[in-house]
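Step one of this worksheet: look at the structure below.
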Amino acid sequence: MVRQKEDSRAQADSGSLPNAPLRSTAGGMRRELLAGVVSFFAIVYIIIVNASILADAGIPQEAGIVATVLASAAGCFIMGWWGKAPIILVPGMGINAMFTYTLVHGMGLTWQQALAVVFISGICFTIISFTTLAEQLRAAIPDSLQEAISVGIGLMLVLIGLQKGGVIVSDASTIIAVQSFGEPGVWVTFATLALTCILFMRKVPGHLLIAIIFGTALAYVTGAVSSGATGAAGEGRAANEAFSWAVYGDVFGQFTLEGVSAASMAIAVFSLTLVIVFENVGLINAQLNMCRRPERFQRAMQANALSVVTCGIFGTSPTVATVETAAGISAGGRTGWTSIVTGSLFLVTLVALPLLTFVPDQAVAPILIFIGGLMMPAVKKIRFEPMAEGLPAFFIIAFIPLMHSIVDGIAIGFVSYALFQIAVGKAREVKPLFYVISVLFAVHFVLQAL
């Protein structure tokens, strides 16, 4: 009996190792392949969006496209082979804005100096991840706050999905307004969302990919997008023209410390490291819990950290465990093969990028909304009493989507938790490391205000 258990455990483990002899079923491999494809289509928009933000920092947009593709592919490969988890690593939204609008515009660094900040922050992240500190960080965070992060991210996915699908738009008087139902894109989004939910409840294999294909076809049939329009992969001239590798040669490996003061570099590295570590702790923990692979946490963090180091070399902002990873997980992704498939598809975009522009936002947005819904059951595990524990969890849930920032939402929740526990006389029940984290988040807010 013991030998049978050991054999079963070994078989399960080998099935999750991309470099091990395959013992998983053909059906399992098909699910991993499908999950990788779904993850790719859910996140492919990052190629043009990230390049556009990098362009504001001075990096040529074509070079930014190549850098984003290469960094995403490398990140996914590292996660697949070392992390052995179905987590997708791409330059993170929010962190890319920090790279451009804080490090470059705010602190006055050149984009080459900002890339040096990324490289050094990646090394700091790697040191943290290869020690026991990463596990200690996870253990120090109360369960209620960890579950709240999952719920908050889910709501942020819903918000992003509604916006990408054209269902909601910005409004000067009400902040958010519902788009007219006379717009065909709104109907395409809701029809695709309905099909997604029905296929999932009917347990139809490949339900998310089927929904994306259906939504794409419906969008063109109804005129929600024109045949010449660009879709989820981006928009504009750069998506439809050949890459200029010569331009990318002026970006690859161009990070430098020349001309920047030690004080400015220290502040920049501290701030960026703080953000990427704690954002990824929350994201990776939530995603591994979703695919029932919590034991992969430290390896996944290590893969993420190594990926950030490569970003400084490739010429882009740091990679993160993107929230769209949930799409691949819900499509059946459980191992590193999902990440490897996604990484391979990123490389294909170097020659096939124009084809991806035919997948419209209305076909991807419902998937994000649906995945957000799948993350809601975590709220049942949150203790909202006593209030000293419940309010910080609520802050995380509410502030992540409403502030449109995972980092800021987590930070407010953590700082308030530490403050409230002290206020009610339960300071000794909080792990010392949690206080350190809270103080660092508070310092982060102070640095933002300077």
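Just so you know, residue 1 is the first one in the sequence shown, and it goes up from there. Owing to the predicted nature of the structure, the values given are computational and were not obtained by experimental measurement.
Two residues are said to be in side-chain contact when any heavy atoms from C-beta on lie closer than 4.5 Å; Phe370 and Leu208 meet this criterion. Pro86 has its side chain out of reach of Thr325: every pair of non-hydrogen atoms, C-beta onward, lies at least 4.5 Å apart. For the pair Leu274/Val443, no side-chain contact is recorded, criterion being any heavy-atom separation below 4.5 Å from C-beta on. You'll find the side chain of Ile95 stays beyond 4.5 Å of the side chain of Pro91, heavy atoms only. Using a 4.5 Å heavy-atom threshold, the side chains of Thr192 and Ile212 count as separate. Under the 4.5 Å side-chain criterion, counting only non-hydrogen atoms from C-beta, Val275 is in contact with Met98. Between Thr319 and Asn304, the closest side-chain pair of non-hydrogen atoms falls below 4.5 Å. Looking only at side-chain heavy atoms (C-beta outward), Phe255 and Val118 stay at 4.5 Å or farther from each other.
Between Phe399 and Phe395, the ring-plane angle classifies as parallel under the 30° and 60° cut-offs. Taking the six-membered ring where tryptophan is involved, the planes of Phe190 and Phe181 are essentially parallel, since the angle between them stays under 30° and well short of 60°. A perpendicular orientation is assigned to the rings of Phe40 and Phe346, their planes being inclined by more than 60° (bins at 30° and 60°).
Closest heavy-atom contact between Val415 and Ala442: CG2-N, 4.2 Å. Here the shortest heavy-atom pairing between Leu272 and Pro318 reads CD2-CG, 4.0 Å. Contact between Ser180 and Val186 at its shortest, heavy atoms only, is O-CG2, 3.7 Å.
Remark: Ile53 CD1 to Ile46 CD1 distance equals 7.0 Å, nearest 0.5 Å. Summarising the geometry, atom CZ belonging to Arg428 is positioned 14.5 Å from atom CD belonging to Gln421; distances are rounded to the nearest 0.5 Å. Between atom CD1 of residue Ile437 and atom CD1 of residue Ile141 there is a gap of 5.0 Å, rounded to the nearest 0.5 Å. Atoms SG and CD1, on Cys124 and Ile276 in that order, are 8.5 Å from each other to the nearest 0.5 Å. Summarising the geometry, atom CG belonging to Asn289 is positioned 6.5 Å from atom CD belonging to Glu147; distances are rounded to the nearest 0.5 Å. The distance from atom OG1 of Thr189 to atom CG of Leu162, rounded to the nearest 0.5 Å, is 8.5 Å.
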**Prompt:** Between Met375 and Leu157, does a side-chain contact (heavy atoms from CB on, under 4.5 Å) hold up when you go through it step by step?
**Reply:** CA-CA 10 Å; Met375 300 178 75; Leu157 277 176; 4.0 Å; yes

**Message:** Pair Gln179, Ile168 - check side-chain contact (heavy atoms from CB on, under 4.5 Å), show working.
**Reply:** CA-CA 5 Å; Gln179 181 66 280; Ile168 60 175; over 6 Å; no

**Pair Thr322-Leu89, side-chain contact (heavy atoms from CB on, under 4.5 Å): steps then yes or no** = CA-CA 6 Å; Thr322 174; Leu89 299 180; over 6 Å; no

**Message:** Run Phe41 and Leu345 through side-chain contact (heavy atoms from CB on, under 4.5 Å) and show every step you take.
**Reply:** CA-CA 9 Å; Phe41 278 105; Leu345 291 175; 5.7 Å; no

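A donor-acceptor pair under 3.5 Å links the side-chain atoms of Ser416 to the main chain of Gly413, judged by distance alone. Side chain of Thr131 to backbone of Ile128: a donor-acceptor contact under 3.5 angstrom is found. A side-chain donor-acceptor contact under 3.5 Å links Gln302 to the backbone of Ser129. Between the Arg293 side chain and the Leu288 main chain, no donor and acceptor come within less than 3.5 Å of each other. Ser261 places a side-chain N or O within donor-acceptor distance of the main-chain N or O of Ser264, the cut-off being under 3.5 Å. A donor-acceptor pair under 3.5 Å is absent between the side-chain atoms of Asn285 and the main chain of Val281, judged by distance alone. No side-chain donor-acceptor contact under 3.5 Å links Tyr248 to the backbone of Gly315. Put simply, the side chain of Thr342 gets close to the backbone of Thr338: a donor and an acceptor are under 3.5 Å apart. Formation of a donor-acceptor pair under 3.5 Å by the Ser339 side chain with backbone atoms of Ile88 is not found in this model. When atom types are taken as modelled, the side chain of His105 and the backbone of Phe99 share no donor-acceptor pair closer than 3.5 angstrom.
A side-chain donor from one of Thr316 and Asn50 sits under 3.5 Å from a side-chain acceptor of the other. A donor atom on one side chain and an acceptor atom on the other are found under 3.5 Å apart for Thr335 and Glu32. Checked by atom type, the side-chain pair Ser144/Glu389 shows a donor-acceptor distance below 3.5 Å.
Figure legend: Lys84 and Trp82 shown as a cation-pi pair, the cationic atom lying under 6.0 angstrom from the six-membered ring centre and within 45 degrees of its axis.
Each of Ile397, Val158, Leu283, Ile410 was scored for a side chain to side chain contact (heavy atoms under 4.5 Å, CB included) with Ile153, with one residue passing: Leu283.
For Phe384 and Phe394, the ring centers sit 6.0 Å or farther from each other.
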